[in-house]
Amino acid sequence: MAFEAFLAHEFATRRGRNARYSLRSFARDLRCDHASLSQWLRGKRKLTPAGETRLARALKLDRAALARARAFETFDLALVAALDGLKRPTTRTLAARLGATTDDVNIALNRLMRLGLLRMEGTTWKRT
């Protein structure tokens, strides 16, 4: 479900830039069927490695970026959303908001920083 979580994050990012950006538009940009894309995002259908590679090409991801996308996890989406909702987030407040442990939050934050999706500015995290 890692690459699917990355696709969901990419769709949310694009939708954040344009509120009228639809799942059909995203499927068009990925050159795939919108019904298949919906099933992949909902976890109703398994995305094959060959399918991941084809979608990565449509997203213009190189091999390193594809490896990072495959390392993405579903919990990361919830964490990024929680970060957006807090003015001065701490690992404790994030853990409480997500119903997770502070260790889980720290691991996910480190993963997101390693993947280049978050960066530290002073004592707060910023989306990249």
Side-chain angles (χ1 to χ4, degrees):
M1 183 82 183
F3 192 78
E4 292 88 338
F6 174 78
L7 285 176
H9 176 330
E10 181 65 24
F11 177 58
T13 301
R14 292 178 182 210
R15 193 166 173 87
R17 282 182 264 160
N18 177 4
R20 295 186 64 179
Y21 191 76
S22 66
L23 187 68
R24 285 179 187 253
S25 300
F26 190 43
R28 179 200 63 222
D29 294 345
L30 294 174
R31 295 185 292 277
C32 71
D33 180 55
H34 69 276
S36 296
L37 179 60
S38 174
Q39 291 172 353
W40 291 326
L41 293 176
R42 290 182 292 130
K44 298 291 182 187
R45 188 173 179 183
K46 179 84 171 112
L47 184 58
T48 64
E52 288 177 2
T53 304
R54 188 173 49 80
L55 293 175
R57 260 190 246 120
L59 288 168
K60 296 180 174 87
L61 300 177
D62 59 8
R63 286 181 187 257
L66 176 58
R68 287 193 304 271
R70 286 179 172 156
F72 202 77
E73 297 195 15
T74 308
F75 182 72
D76 300 342
L77 290 173
L79 182 62
V80 170
L83 277 171
D84 289 343
L86 294 173
K87 191 172 187 174
R88 296 190 55 72
T90 64
T91 54
R92 282 194 178 119
T93 58
L94 288 168
R97 181 172 275 202
L98 296 171
T101 66
T102 55
D103 287 340
D104 291 337
V105 171
N106 283 323
I107 290 168
L109 287 170
N110 284 319
R111 180 177 45 250
L112 289 168
M113 287 173 51
R114 189 178 66 248
L115 294 174
L117 299 169
L118 285 181
R119 71 178 188 279
M120 248 350 234
E121 283 187 6
T123 59
T124 60
W125 296 279
K126 298 289 183 181
R127 290 174 82 170
T128 56

Listed partners of R119 passing salt bridge (Lys or Arg N to Asp or Glu O under 4.0 Å), at least two apart: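 Checked R119 against salt bridge (Lys or Arg N to Asp or Glu O under 4.0 Å); matches are E121.
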Residues forming a salt bridge (Lys or Arg N to Asp or Glu O under 4.0 Å) with R24, sequence neighbours excluded: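 Salt bridge (Lys or Arg N to Asp or Glu O under 4.0 Å) check on R24 returns nothing, list empty.
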Rounded distance [0.5 Å steps], CD in E52 versus CG in L47: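 Answer for the CD-CG pair, E52 versus L47, is 4.5 Å.
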Pairwise distance CG(D104) to OG1(T91) - rounded to 0.5 angstrom: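 Those atoms lie 11.5 Å apart.
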Taking distance alone, no hydrogens or angles, what donor-acceptor pairs closer than 3.5 Å link side-chain atoms of residues 56-66 to residues at least two apart or in another chain?
from	atom 1	to	atom 2	distance (Å)
D62	OD1	A64	N	3.4
D62	OD1	A65	N	2.7

Decide yes or no for [X] and [Y]: does some side-chain heavy atom of the first lie under 4.5 Å from some side-chain heavy atom of the second?
{"X": "W125", "Y": "L79", "result": "no"}
{"X": "L109", "Y": "L83", "result": "yes"}
{"X": "C32", "Y": "R54", "result": "yes"}

Acceptor/donor pairs from residues 7-14 side chains to any protein atom, 3.5 angstrom cut, sequence neighbours excluded:
from	atom 1	to	atom 2	distance (Å)
H9	ND1	T13	OG1	3.0
E10	OE2	R14	NE	2.9
E10	OE2	R14	NH2	3.4
T13	OG1	H9	O	2.9
R14	NH1	Y21	OH	3.1
R14	NH1	D29	OD2	3.4

Pairing residues for N106 by the side-chain hydrogen bond (donor to acceptor under 3.5 Å, both in side chains) criterion, not counting sequence neighbours: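 Result, side-chain hydrogen bond (donor to acceptor under 3.5 Å, both in side chains) vs N106: none returned.
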Sequence-distant partners of R111, side-chain hydrogen bond (donor to acceptor under 3.5 Å, both in side chains), two or more places apart: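 Residues passing side-chain hydrogen bond (donor to acceptor under 3.5 Å, both in side chains) with R111: D76.
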Cluster link L94 to M113, ILVMFWY, side chain under 4.5 Å: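 Yes; M113 is reachable from L94 via cluster members.
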Same cluster (ILVMFWY, side-chain, under 4.5 Å), F6 and I107: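 Different clusters: F6 never reaches I107 through Ile, Leu, Val, Met, Phe, Trp or Tyr contacts under 4.5 Å.
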Which atom of [X] lies closest to which atom of [Y], heavy atoms considered:
{"X": "L98", "Y": "F75", "result": "CD1-CZ, 3.7 Å"}
{"X": "R45", "Y": "S36", "result": "NH1-OG, 2.6 Å"}
{"X": "E4", "Y": "L41", "result": "O-CD2, 3.6 Å"}

